[in-house]
Enquirer: 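Got a structure for you, questions after.
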There are 2 protein chains.
Amino acid sequence: MFQQLGLIGCGLMGGSFALALKRAGLVKHVVGYSKSPSTTERARRAGVIDTAAESALLAVAGSDIVLLAVPVAATESTFKAIRHLVEPEVLIMDVGSTKRDVVDAARRVLKERISGFVPAHPIAGKEKAGVHHADADLYTGRQVILTPLPQTDALLLQKAADTWTAIGAQVIRMSPDSHDAALAAVSHLPHLLAFAFYNAVAKQPGGDEFLSLAGPGFRDFTRIAASDPTIWRDILLANREETLKQSMRFRHALEALEHVMRSGNAEALEDLIRSASEGRAAWQMNSPRPSAAPAVPPLR
Amino acid sequence: MFQQLGLIGCGLMGGSFALALKRAGLVKHVVGYSKSPSTTERARRAGVIDTAAESALLAVAGSDIVLLAVPVAATESTFKAIRHLVEPEVLIMDVGSTKRDVVDAARRVLKERISGFVPAHPIAGKEKAGVHHADADLYTGRQVILTPLPQTDALLLQKAADTWTAIGAQVIRMSPDSHDAALAAVSHLPHLLAFAFYNAVAKQPGGDEFLSLAGPGFRDFTRIAASDPTIWRDILLANREETLKQSMRFRHALEALEHVMRSGNAEALEDLIRSASEGRAAWQMNSPRPSAAPAVPPLR
């Protein structure tokens with residue numbers, strides 16, 4: 001049970017965390033701050049936060065748990081804004097989709113005060129941003145990856161894991177680099193491909209006509225292309241090396257398919273499609289991790 | 001009102017058409033044939049067809065409407081099997097996802113008997129095939145593209161349009177070539193990309209681990225990767241020229257994004273993402289066609 005949550009960034013991710021903590025009875029009071037005062041005010045009126053703070057620093061004052069829910073590129077400046085009130089017993093988490101850059105920023109800014117910071121990435125979201133889409137159930141049944149550092153306080157790390165578990169999430173522990181490599185493959189690359197695909201279709205002669213004929217397959221394939229441009233600009237830049245590596249792998253797989261199409265090799269084409277089709281049909285979201293997984297056991 | 005539907009291919013598409021016609025009271029009797037006798041039998045037991053025929057030809061005998069719902073590569077052999085019973089007053093349609101190759105096959109086989117053939121492509125489907133997934137609502141609210149030929153009988157064309165309209169679909173008329181160009185962009189290419197993406201992620205070291213971390217964005221983006229391998233082998237081969245053209249466009253769009261990521265040009269990256277994001281957010285399935293569309297007006 002926390003006395004006060006200091007929420008920095010009252011958008012979809014932060015707002016949903018506040019609502020989930022309140023519903024679970026895990027926090028008495030929520031103080032929120034957003035860069036735009038109108039967002040903070042909207043969050044207060046919606047009951048997502050109880051009190052509006054006038055700065056990030058004031059949101060941290062008196063809080064025993066702090067969540068940074070800002071675009072990843074704003075992480076470093078946010079740490080700078082709050083570092084004077086960062087105390088060793090306060091649990092600080094973020095929700096950024098990349099972890100290596102967030103951890104680097106924390107090291108640079110927080111220095112020896114870094115022990116209370118538990119980097120976190122809940123694998124959840126919507127293509128619609130903003131506090132009016134905040135949802136106490138956003139994290140229910142979802143995975144949350146924690147990427148603690150050697151300096152991370154073990155008790156606060158456990159508290160972080162307990163908190164996510166209590167709001168229905170499944171906690172996984174990884175290194176920041178493993179996190180970024182994995183998420184490049186299963187999240188950042190598909191977003192990049194969806195953006196590229198939508199642009200390619202829309203920006204050609206007859207594109208509008210083509211789009212009017214698109215069906216449910218197209219709808220689902222392109223849903224993530226509607227994601228927030230500034231958030232995804234930051235993610236793709238922060239994790240560009242891993243994402244570009246994955247893009248290269250993807251191009252090779254695409255070229256293999258194109259090659260057998262061009263040569264008319266029906267059997268080889270069917271084999272390539274079948275491996276994808278059977279794999280995807282067997283895949284299940286949030287399924288248990290493979291037993292042969294590297295040494296990144298669940299925290300509890 | 002038809003006396004008898006001859007259904008050749010009692011799978012998802014054909015079975016759903018039979019169920020929809022029955023529910024709308026548009027047909028008295030359904031005679032079905034599938035290559036595999038067990039499929040035909042399953043369709044009969046499920047009430048999708050009333051009588052099992054022992055050959056495609058026998059399914060056509062006595063029918064005043066015939067639906068070919070076979071993989072596109074089997075279209076030509078099916079026409080050959082039934083051509084001796086193709087009469088000028090019988091409406092024959094297919095449901096193939098490609099139209100140029102289907103029309104070519106019809107021309108080669110049916111010759112002067114082609115006037116009763118109305119090539120059709122309902123833009124509907126599921127990633128799960130088979131008669132046990134047949135659904136009277138599969139075509140409700142979906143678009144159906146008819147690609148008649150100069151020889152097509154005008155009355156039968158109207159009958160075809162009326163039939164699809166009566167089961168809740170929206171009828172559009174295009175040329176076979178325009179159809180194939182449009183569908184390459186909005187359907188065939190995304191399937192190709194989804195197959196390539198799934199293979200790229202799954203077939204790398206740590207791929208299983210990565211897949212266990214994938215969330216709802218990945219789930220929707222890859223749903224079509226689970227599509228039927230033989231059906232999609234045939235579609236990608238039948239429409240390979242247009243699909244490869246679209247794939248080239250896609251690669252250029254991907255390279256544009258990769259280029260600005262590599263150069264760290266945040267503004268240009270945001271612009272490219274924003275054009276996709278705003279376009280996709282504004283897109284709606286089955287929205288009215290743009291007024292500047294070429295001369296392919298709805299049939300009615």
Side-chain angles (χ1 to χ4, degrees), chain A residues 123 182 185-187 190 192-202 204 208-215 217-227 229-230 232-233 236-237 240 244 247 249-250 253-254 257-258 261 266 269-270 273-277 279-281 283 285 287 289-290 293, chain B residues 123 143 182 185-187 190 192-193 195-202 204 208-215 217-227 229-230 232-233 236-237 240 244 247 249-250 253-254 257-258 261 266 269-270 273-277 279-281 283 285 287 289-290 293:
Chain A
I123 305 179
V186 297
S187 171
L192 179 67
L193 300 180
F195 298 140
F197 171 70
Y198 197 92
N199 282 342
V201 174
Q204 67 182 292
D208 284 349
E209 170 85 3
F210 294 174
L211 289 171
S212 76
L213 296 167
F218 176 95
R219 176 196 59 204
D220 292 353
F221 185 75
T222 59
R223 183 177 65 77
I224 53 175
S227 298
T230 55
W232 280 92
R233 172 199 67 195
L236 292 179
L237 288 177
R240 70 178 149 186
L244 290 170
S247 186
R249 283 187 186 279
F250 163 79
L254 177 59
L257 280 156
E258 289 178 330
M261 281 169 72
L269 178 58
E270 185 182 335
I273 298 175
R274 190 173 299 281
S275 81
S277 174
R280 176 57 180 79
W283 175 82
M285 199 163 70
S287 65
R289 331 190 80 210
Chain B
I123 305 179
Q143 299 185 103
V186 298
S187 172
L192 179 66
L193 300 181
F195 299 140
F197 171 70
Y198 197 92
N199 281 342
V201 174
Q204 66 183 295
D208 285 349
E209 168 86 3
F210 293 173
L211 289 171
S212 76
L213 296 167
F218 176 95
R219 176 196 60 204
D220 292 353
F221 185 75
T222 58
R223 181 177 66 77
I224 53 177
S227 297
T230 56
W232 279 92
R233 171 199 67 195
L236 292 179
L237 288 177
R240 69 178 148 186
L244 290 170
S247 186
R249 283 188 186 278
F250 163 78
L254 178 58
L257 280 156
E258 289 178 331
M261 282 170 70
L269 178 59
E270 185 181 335
I273 298 174
R274 189 173 299 279
S275 82
S277 174
R280 177 55 180 80
W283 175 83
M285 199 162 69
S287 65
R289 328 188 82 209

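The sequence lines fix the lettering, A, B, ..., with proteins before strands; numbering per chain opens at 1.
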Enquirer: How long is the gap from CG on B/L236 to CD1 on A/I273, to the nearest 0.5 Å?
Expert: 5.0 Å

Enquirer: Quick one: of B/S277, B/G279, B/A202, who has the most non-hydrogen atom pairs under 4.5 Å with chain A?
Expert: B/S277

Enquirer: For B/A276, does its backbone N or O pair with a side-chain atom of A/N199 as donor and acceptor, under 3.5 Å?
Expert: yes

Enquirer: Please classify the contact between B/T222 and chain A as side chain, backbone, both or neither, with a heavy-atom cut-off of under 4.5 Å.
Expert: both

Enquirer: Write down the atom of A/A182, the atom of B/L213, and the distance for their closest heavy-atom approach.
Expert: CB-CD1, 3.6 Å

Enquirer: How about B/W283 and A/F218: are their ring centres within less than 6.0 Å of each other?
Expert: yes

Enquirer: Report which part of B/Y198 has an atom under 4.5 Å of a heavy atom belonging to chain A: side chain, backbone, both, or neither.
Expert: side chain

Enquirer: Looking only at heavy atoms, which two atoms of A/A266 and B/L237 are closest? And how far apart?
Expert: CB-CD1, 3.6 Å

Enquirer: CZ/A/F195 to CZ/B/R274 distance, rounded to the nearest 0.5 angstrom?
Expert: 11.0 Å

Enquirer: About how many Å separate CZ of B/F221 and CZ of A/F197, when rounded to the nearest 0.5 Å?
Expert: 9.0 Å

Enquirer: Looking only at heavy atoms, what is the nearest atom pair of B/A226 and A/A281, with distance?
Expert: CB-N, 4.1 Å

Enquirer: For a 4.5 angstrom cut-off between non-hydrogen side-chain atoms, does A/E258 reach B/R240?
Expert: no

Enquirer: Let me know if B/A214 has heavy atoms under 4.5 Å from chain A in its side chain, its backbone, both or neither.
Expert: both

Enquirer: Identify which of B/L193, B/L257, B/V186 forms the greatest number of heavy-atom pairs closer than 4.5 Å to chain A.
Expert: B/V186

Enquirer: Which pair of non-hydrogen atoms, one from B/A253 and one from A/A200, has the smallest distance, and what is that distance?
Expert: CB-CB, 3.9 Å

Enquirer: Looking only at heavy atoms, which two atoms of A/L254 and B/S247 are closest? And how far apart?
Expert: CD2-OG, 3.9 Å

Enquirer: Relative to chain B, which segment of A/A185 carries a heavy atom at a distance below 4.5 Å: side chain, backbone, both, or neither?
Expert: both

Enquirer: Checking the side chain of A/R280 only, and the main-chain atoms of B/R219 only, is there a donor and an acceptor separated by less than 3.5 Å?
Expert: yes

Enquirer: Hey, mind stepping through B/D220 and A/I224 against side-chain contact (heavy atoms from CB on, under 4.5 Å) and telling me if it holds?
Expert: CA-CA 8 Å; B/D220 292 353; A/I224 53 175; over 6 Å; no

Enquirer: So which atom in A/R233 and which in B/L269 form the shortest heavy-atom distance, rounded to 0.1 Å?
Expert: O-CD2, 3.7 Å

Enquirer: So what's closer than 4.5 Å to chain B heavy atoms on A/S275: side chain, backbone, both or neither?
Expert: both

Enquirer: In terms of the angle between their ring planes, are B/F250 and A/F250 parallel, tilted or perpendicular, with boundaries placed at 30° and 60°?
Expert: perpendicular

